[in-house]
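Worksheet: one structure, shown below.
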Amino acid sequence: MSAPAPIRLSHTWLDDGHALVAGSLFVALGMTMFAHAGLLTGGVAGAAFLVSYATGLNLALCFFVFSLPFFWLSWARLGPAFTLKSLAAVALVSLCTALAPQVVRFELLNPWVASVLGGFLIGFGLLALLRHQASVGGVNIVAQWLQQTRGLRAGHVQMAVDLLVVLAALAVVPPERVLQSVVGAVAIGAILTLNHRPGRYLGV
């Protein structure tokens, strides 16, 4: 006899709300650690870091503005629910990142520790959002769409783009910081690659 089909359990609005807040806070804290250590990440957040470092513009504002153009793809391909939850996540991450320096301080934060721990925090934050049909915009939206429509792992797509953006940062930040940022990008991608596979998680 074949094994019974696994039961798909739908998320409640409370499940989605909890994941939205927790995931956004994890991402914001990881980004704050990266910013404090002078590191970067990939995707839209990486572009926001680059512009912020090069011009002095506010990181949270750059992240929010750069994320907006990707929501047309989200609305057209992934639906209104995914888009609205993702927009809320982007707004929450931007707000928390802007407020973080007032409530969180790192008297001593080794950049290598920041790259790994901050990367894990961002990775787990993204994982929580993706498993509840949300994202933090940008490449995260494209990665989720490619996984749903082409079967490409979101973690692989995210890691590839992240590494390209981080390597492009050689023109802006010292090589050691770029290497540390690559470690952070790998930490983020590893969390998604190992834990966000098609068919592995059945919550909807």
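For the pair His132/Leu20, no side-chain contact is recorded, criterion being any heavy-atom separation below 4.5 Å from C-beta on. Looking at heavy atoms from C-beta onward, Leu25 lies in side-chain contact with Val21 at the 4.5 angstrom threshold. Residues Leu109 and Met33 have side chains in contact (heavy-atom distance under 4.5 Å, counting atoms from C-beta outward). Counting only heavy atoms from C-beta outward, the side chains of Phe34 and Gln180 never approach each other to under 4.5 Å. For the pair Leu40/Tyr53, a side-chain contact is recorded, criterion being any heavy-atom separation below 4.5 Å from C-beta on. Within the 4.5 Å cutoff, the side chain of Leu179 has heavy atoms near those of the Trp112 side chain. The shortest distance between side-chain heavy atoms of Phe120 and Val116 falls below 4.5 Å. Counting only heavy atoms from C-beta outward, the side chains of Phe63 and Thr97 never approach each other to under 4.5 Å.
When the side chains of ILVMFWY residues are joined at heavy-atom separations under 4.5 Å, either directly or via intervening members, Leu14 and Leu92 end up in two distinct hydrophobic clusters. Under the 4.5 Å side-chain heavy-atom criterion for grouping Ile, Leu, Val, Met, Phe, Trp and Tyr, Leu126 is connected to Leu146 within one hydrophobic cluster.
Contact detail for Leu39 and Pro111: the closest heavy-atom pair is CD1-O, 3.6 Å. For Ala114 against Ala37, the heavy-atom pair with the smallest separation is CB-CB, 3.8 Å. When all heavy atoms of Ala28 and Cys96 are compared, the closest pair comes out as CB-CB, 3.6 Å. Closest of all the heavy-atom pairs between Val44 and Ser67 is CG1-OG, 3.5 Å. Residue Leu127 comes nearest to Leu192 through the heavy atom pair N-CD2, 3.8 Å, listed as atom of the first residue, atom of the second, then distance.
Here the CG-CG distance, from Leu59 to Leu50, works out to 10.5 Å after rounding to the nearest 0.5 Å. Interatomic distance, Leu117 CG to Leu29 CG, rounded to the nearest 0.5 Å: 7.5 Å. One distance of note links CH2 of Trp72 with CZ of Phe70; it measures 10.0 Å at 0.5 Å rounding. A distance of 12.0 Å separates NZ of Lys85 from OG of Ser24, quoted to the nearest 0.5 Å. The distance from atom CG of Leu68 to atom CZ of Phe66, rounded to the nearest 0.5 Å, is 10.5 Å. In this structure, the separation between CD1 on Ile188 and OG1 on Thr193 is 11.5 Å, given to the nearest 0.5 Å.
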Give the C-alpha distance, both sets of side-chain angles, the deciding distance and a yes or no for side chain to side chain contact (heavy atoms under 4.5 Å, CB included) between Arg131 and Asn195. CA-CA 10 Å; Arg131 285 188 166 179; Asn195 295 281; 4.1 Å; yes
Mind running side chain to side chain contact (heavy atoms under 4.5 Å, CB included) on Val90 and Ser86 for me, showing each step along the way? CA-CA 6 Å; Val90 168; Ser86 298; 5.5 Å; no
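For Leu95, the side-chain contact (heavy atoms from CB on, under 4.5 Å) partners two or more places apart in sequence, or in a different chain, are Leu99. Thr83 is linked by a side-chain contact (heavy atoms from CB on, under 4.5 Å) to Phe71, Ser74, Trp75, counting only residues two or more places apart in sequence or in another chain.
Sparse packing is recorded around CZ of Phe26, with 12 or fewer heavy atoms of other residues, nucleotides or ligands lying under 6.0 Å away.
Judged by distance alone, with hydrogens and angles left aside, the side-chain atoms of Ser52 form no donor-acceptor pair with the main-chain N or O of Ala48 at under 3.5 Å.
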